[in-house]
Amino acid sequence: MIRIHDTSTDEVIDREMTDEEYAAFQADQELQLVEKAKAEQATADKAALLARLGITADEAKLLLS
Amino acid sequence: MANPTTNFGWVMPTSASLVTNLPADFNVFGQAVDTSMQYLLGGTTGQVLSKTSGTNMAFTWINNDQGDITGVTAGTGITGGGTSGTVTVTNDMATTITTAGDLIKGTGSGTYNRLGIGSTGQVLTVASGAPSWATPASGAGMTLLSTTTLSGTSTTISSIDQTYVNLFITFERMTNNSTGGYARWGMNSATTAHYNSYKDGNGTAWVNSGSNYLLPLGTNTPNSSYETFGCVVINNYATTTTNNGKSIQCNGATYAGGAGPGPVFNEAYWDTATAVSSIKIDYSNAATISGTIKIYGVK
């Protein structure tokens with residue numbers, strides 16, 4: 001269900017998505033999953049690197065500052 | 001009795017007058033009385049006698065409307081007056097008004113003239129030392145264009161008034177009914193990205209919008225009690241020229257009870273030749289949203 005507020009008439013419509021909107025919605029959700037996986041992978045890679053270097057995240061920030 | 005009479009000098013027959021002279025003598029006497037009393041004739045109901053000169057018996061009948069006032073002089077702001085009869089005085093300030101909405105304005109000490117009503121929307125101002133009607137300069141202030149209560153998995157605010165220069169949008173108490181996900185917003189329900197880049201407050205570098213067509217307003221919410229607040233300014237939103245200063249500044253924050261993941265700052269611009277006519281709001285995890293969006297137009 002989505003809401004549309006037409007400000008020219010102040011009409012508010014709550015309705016189901018059209019097929020086109022639903023396709024865009026699904027594509028967006030898939031993109032979110034991909035980005036979430038990327039972010040999680042980046043976090044894991046960062047933690048692994050810090051562990052390999054034997055320093056903390058704060059120490060890494062200090063090193064790069 | 002004295003003969004002639006003491007006051008009027010009427011001559012009467014005497015005891016020595018011959019009988020044959022009596023008619024003529026009485027004629028003289030009667031005519032003298034008639035002449036003396038002539039001014040008492042005439043008049044009408046309610047009238048009183050008035051002297052017409054200092055001469056004895058010089059009277060005339062006049063209306064009984066005499067008083068102590070001998071004249072009325074029109075002073076400042078009054079017209080009319082007179083020294084006899086019925087006197088009319090008129091409030092000149094009132095008769096100076098000729099049209100509904102007229103105002104009277106001073107033009108000097110004891111002087112004034114008419115200021116006709118202005119036209120719709122004009123305000124009273126001062127020009128060259130005198131009051132006048134003028135159209136207020138445009139360009140100041142904000143106008144609330146819409147207030148929208150969020151609902152559904154997304155809310156789109158459409159048909160945004162195109163007669164302003166900038167849009168100022170406030171996002172109030174946005175929440176979702178789920179964990180995770182962050183508040184997002186976008187323009188014209190675009191399904192492909194048009195933003196050149198944006199900067200997330202949690203990041204250290206500019207981020208190309210890539211495939212994202214919705215910009216982050218808040219950060220991931222650990223639970224539904226977290227609320228996102230923020231504001232967005234879209235400059236030159238109605239322009240249809242690509243890259244013509246259609247820049248975007250966005251500040252948002254997500255927190256609960258004073259603690260939260262932190263703020264989000266975005267700077268971006270929209271590289272399309274289409275005016276911004278709608279705003280879309282959702283959460284990245286497709287949860288049902290709530291909150292209030294207000295859109296202001298700025299001249």
Side-chain angles (χ1 to χ4, degrees), chain A, chain B residues 143-164 167 169 177 180-182 184 186 189-193 200 202-204 207 209-214 216 219-220 277-297:
Chain A
M1 188 72 81
I2 61 172
R3 169 166 287 188
I4 310 292
H5 180 190
D6 186 334
T7 59
S8 65
T9 59
D10 207 27
E11 182 181 18
V12 175
I13 298 172
D14 293 319
R15 61 167 172 79
E16 298 296 338
M17 295 182 208
T18 63
D19 290 345
E20 189 179 57
E21 288 168 341
Y22 187 68
F25 169 79
Q26 281 191 312
D28 177 63
Q29 287 304 296
E30 288 167 9
L31 177 64
Q32 295 306 309
L33 288 175
V34 169
E35 293 200 341
K36 187 180 178 185
K38 275 186 190 173
E40 288 172 350
Q41 186 60 53
T43 302
D45 290 348
K46 194 182 292 181
L49 181 59
L50 291 173
R52 212 166 63 200
L53 294 172
I55 60 175
T56 65
D58 287 340
E59 288 170 335
K61 279 184 186 172
L62 185 63
L63 198 61
L64 295 171
S65 63
Chain B
T143 302
L144 178 62
L145 303 180
S146 64
T147 300
T148 303
T149 301
L150 300 179
S151 181
T153 52
S154 72
T155 294
T156 298
I157 304 166
S158 65
S159 303
I160 295 172
D161 190 325
Q162 298 291 297
T163 60
Y164 294 84
L167 291 182
I169 309 169
N177 65 347
Y182 56 89
R184 307 184 301 178
S189 297
T191 54
T192 55
D200 186 320
N202 288 334
T204 57
V207 180
S209 62
S211 299
N212 290 298
Y213 56 87
L214 292 164
T219 47
N220 280 320
S277 60
S278 71
I279 300 291
K280 180 180 179 181
I281 303 98
D282 73 358
Y283 266 77
S284 61
N285 60 350
T288 299
I289 56 176
S290 63
T292 303
I293 306 297
K294 291 178 180 172
I295 298 180
Y296 298 85

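Protein chains get the first letters and strands the later ones, always in sequence-line order, with residue 1 at the start of each. FYI, side chains are in, hydrogens and waters are out, and symmetry mates aren't considered; it's all heavy atoms of this structure.
Environment of CG in A:Asp19: sparse, with no more than 12 heavy atoms of neighbouring residues, nucleotides or ligands closer than 6.0 Å.
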Q.
Evaluate B:Ser146 against A:His5 for side-chain contact (heavy atoms from CB on, under 4.5 Å), listing each step before the verdict.
A. CA-CA 9 Å; B:Ser146 64; A:His5 180 190; 4.3 Å; yes
Discussion item. Is there a side-chain contact (heavy atoms from CB on, under 4.5 Å) between A:Thr7 and B:Asp161? Walk through the geometry before answering.
Written reply: CA-CA 8 Å; A:Thr7 59; B:Asp161 190 325; over 6 Å; no
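For the set B:Thr156, B:Leu150, B:Thr153, the entry with the most heavy-atom pairs within less than 4.5 Å of chain A is B:Thr156.
The side-chain hydrogen bond (donor to acceptor under 3.5 Å, both in side chains) search around A:Ser8 returns A:Asp6, not counting sequence neighbours. Residues satisfying the side-chain contact (heavy atoms from CB on, under 4.5 Å) test with A:Lys36, not counting sequence neighbours, are A:Glu40.
To the nearest 0.5 Å, the span separating CG on A:Asp14 from OG on B:Ser151 amounts to 5.0 Å. For the atom pair B:Ser154 OG and A:Met1 CE, the distance stands at 11.5 Å (nearest 0.5 Å). In this structure, the separation between OG1 on B:Thr148 and CG on A:Asp10 is 8.0 Å, given to the nearest 0.5 Å. From A:Ile4, atom CD1 reaches atom OG1 of B:Thr155 across 8.0 Å, with rounding to the nearest 0.5 Å.
Interface residue B:Thr149: backbone and side-chain heavy atoms are both found under 4.5 Å from chain A.
Counting heavy atoms from C-beta on, the side chains of B:Tyr182 and A:Gln32 come closer than 4.5 Å.
For A:Asp28 and B:Arg184, the salt-bridge test passes: some basic side-chain N is under 4.0 Å from an acidic carboxylate O.
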